[in-house]
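What follows is a set of notes on a single structure, which appears directly below.
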Amino acid sequence: MDITTITSFRPARSRSDLRLDEGEVFIAGGTWLMSEPLPGTTGFVDLTTLDWPEIELTGDGLRVGATCTIARFLAWSEGRAADLPPVPSGWSAAHLVADAAHALLASFKIWNTATVGGNVCRSFAAGAMISLAAALDATAVIWTPDGAERRMPVAEVPTGNGTNVLARGEVLRALEFPASALRSTARLRKIALAELGRSGAVVTGRVDEDGTSVFTLTAATAAPTVLRFAGLPDAATLAAAVGSVSGYYTDPLGSADWRRGVSMEFAERIRAELEEAA
């Protein structure tokens, strides 16, 4: 749609260009910013012109630039991007990128524009890249206006459905995924009340090489919920943990009780699959 309040647009070429003037906001893919009126917003500062690397393999794992599009991230995970580093052998959880992308209420055309970082920064409960990042213990690299940076788990960035910890002027620079999580055995399940509706619950589970397990709930709770266990829990232990989580909410796309119920069901299905795969 036309955003009639916008009077300026400037590309960021260096970190010094990230100082926001009054009324300015950052834009990357813009799939949300361009979808509804933005009262009080008068200018966009384009992050894509910083030319951050999309995909980098590091000694610790994977670094994904915040301006990497979902389409490019998906192509990398499926080995369809010859200009990007190949997925290392043993990163069995890389398939979660595709699983998460398909949990996003958006067509492949949106994937070509929407960015990984933008999905995290919008911080909707059903944010698919949040589901992925929380599932694999990704770290958010955040640039602060004073020229420094800070790191925190991506799962702790959203504080509610559409709210987060980012202060004005802070920029999500990258997501860093540890190799240990990428080598895990992992599963993702999602459900929506409508066939093509926004996810009402997304549940992931993984077992790491050391036997520890992690289950995460997104979309069903207003902010990501991460449950950790020393080993793969039995059915009763997992059901009790998922059922007692706070943060299930009601909106037109599902009641809190329904979200709790389907989350418990999916968690058990994933637990059983992980147990069988062990």
Side-chain angles (χ1 to χ4, degrees), residues 92-93 95-106 119-120 122-138 153-164 177 181 184-208 211-278:
S92 52
H95 72 87
L96 283 190
V97 177
D99 294 341
H102 288 286
L104 181 67
L105 178 58
N119 190 257
V120 172
R122 189 64 200 96
S123 299
F124 282 139
M129 295 297 103
I130 296 173
S131 300
L132 173 70
L136 296 178
D137 286 339
V154 174
E156 296 178 9
V157 172
T159 56
N161 195 356
T163 61
N164 60 48
F177 295 80
S184 68
T185 302
R187 301 287 187 272
L188 180 150
R189 295 290 181 273
K190 69 101 174 180
I191 191 171
L193 284 178
E195 182 180 359
L196 298 178
R198 191 187 77 195
S199 294
V202 178
V203 181
T204 64
R206 76 171 206 262
V207 175
D208 291 347
T212 59
S213 65
V214 180
F215 287 79
T216 63
L217 312 177
T218 52
T221 52
T225 300
V226 182
L227 303 171
R228 299 184 187 277
F229 302 90
L232 188 63
D234 59 34
T237 299
L238 182 59
V242 175
S244 63
V245 161
S246 61
Y248 295 111
Y249 65 99
T250 296
D251 70 2
L253 299 177
S255 70
D257 286 344
W258 174 76
R259 286 187 159 98
R260 178 182 289 105
V262 295
S263 295
M264 293 173 67
E265 174 65 23
F266 280 157
E268 171 52 25
R269 292 186 188 184
I270 290 172
R271 189 202 66 81
E273 290 181 22
L274 293 174
E275 184 175 55
E276 184 176 350

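Just so it is clear, the values below take in all heavy atoms, side chains as well, and ignore hydrogens, waters and symmetry mates.
Without hydrogens or angle criteria, Arg271 side chain to Leu232 main chain gives no donor-acceptor distance under 3.5 Å. Distance alone, capped at 3.5 Å, places no donor-acceptor pair between the Asp99 side chain and the Leu188 backbone. Although no hydrogens or angles enter the test, the distance criterion places a donor-acceptor pair under 3.5 Å between the side chain of Ser213 and the main chain of Gly231.
Here the straight-line distance linking atom OG of Ser184 with atom CG of Leu274 works out to 9.0 Å at 0.5 Å rounding. Of the inter-residue distances, the one linking Phe266 atom CZ with Thr204 atom OG1 reads 12.5 Å to the nearest 0.5 angstrom. Atoms OH and CG, from Tyr248 and Asp257 in turn, are 10.5 Å apart once rounded to the nearest 0.5 Å. Between the NZ atom in Lys190 and the NE2 atom in His102 there is a gap of 10.0 Å [rounded to 0.5 Å]. Atom CG in Leu136 sits 8.5 Å away from atom OG1 in Thr216 (nearest 0.5 Å). For the atom pair CG (Leu238) and CG (Leu227), the distance works out to 7.5 Å, reported to the nearest 0.5 Å.
We find that Arg228 and Asp208 are not joined by a salt bridge, their nearest charged nitrogen and carboxylate oxygen being 4.0 Å or further apart.
In this structure the side chain of Leu253 reaches within 4.5 angstrom of the side chain of Arg259, judged on heavy atoms. Between Phe215 and Val242 the shortest side-chain heavy-atom distance does not fall below 4.5 Å. Contact of the Ile130 side chain with the Pro224 side chain is registered, since non-hydrogen atoms from C-beta on lie closer than 4.5 Å.
Minimum interatomic distance between Ala239 and Met264 (heavy atoms only, all atoms of both residues): O-CE, 3.6 Å. Of all heavy-atom pairs between Ala219 and Tyr249, the closest is O-OH, 2.9 Å. When all heavy atoms of Ala135 and Arg206 are compared, the pair lying nearest together is O-NH1, 2.7 Å. Between Ser244 and Ala240, the shortest heavy-atom contact is OG-O, 2.8 Å. Minimum heavy-atom separation, Leu217 to Thr221: O-OG1, 3.4 Å. Nearest heavy-atom pair, Ser131 versus Val202, reported as atom, atom and distance to 0.1 Å: OG-CG1, 3.8 Å.
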Apply side-chain contact (heavy atoms from CB on, under 4.5 Å) to the pair Asn161 and Phe124, showing each step before the final yes or no.
CA-CA 5 Å; Asn161 195 356; Phe124 282 139; 3.7 Å; yes
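When Glu273, Glu268, Glu265 are each tested for a salt bridge (charged side-chain N to carboxylate O under 4.0 Å, His left out) with Arg189, only one passes: Glu273.
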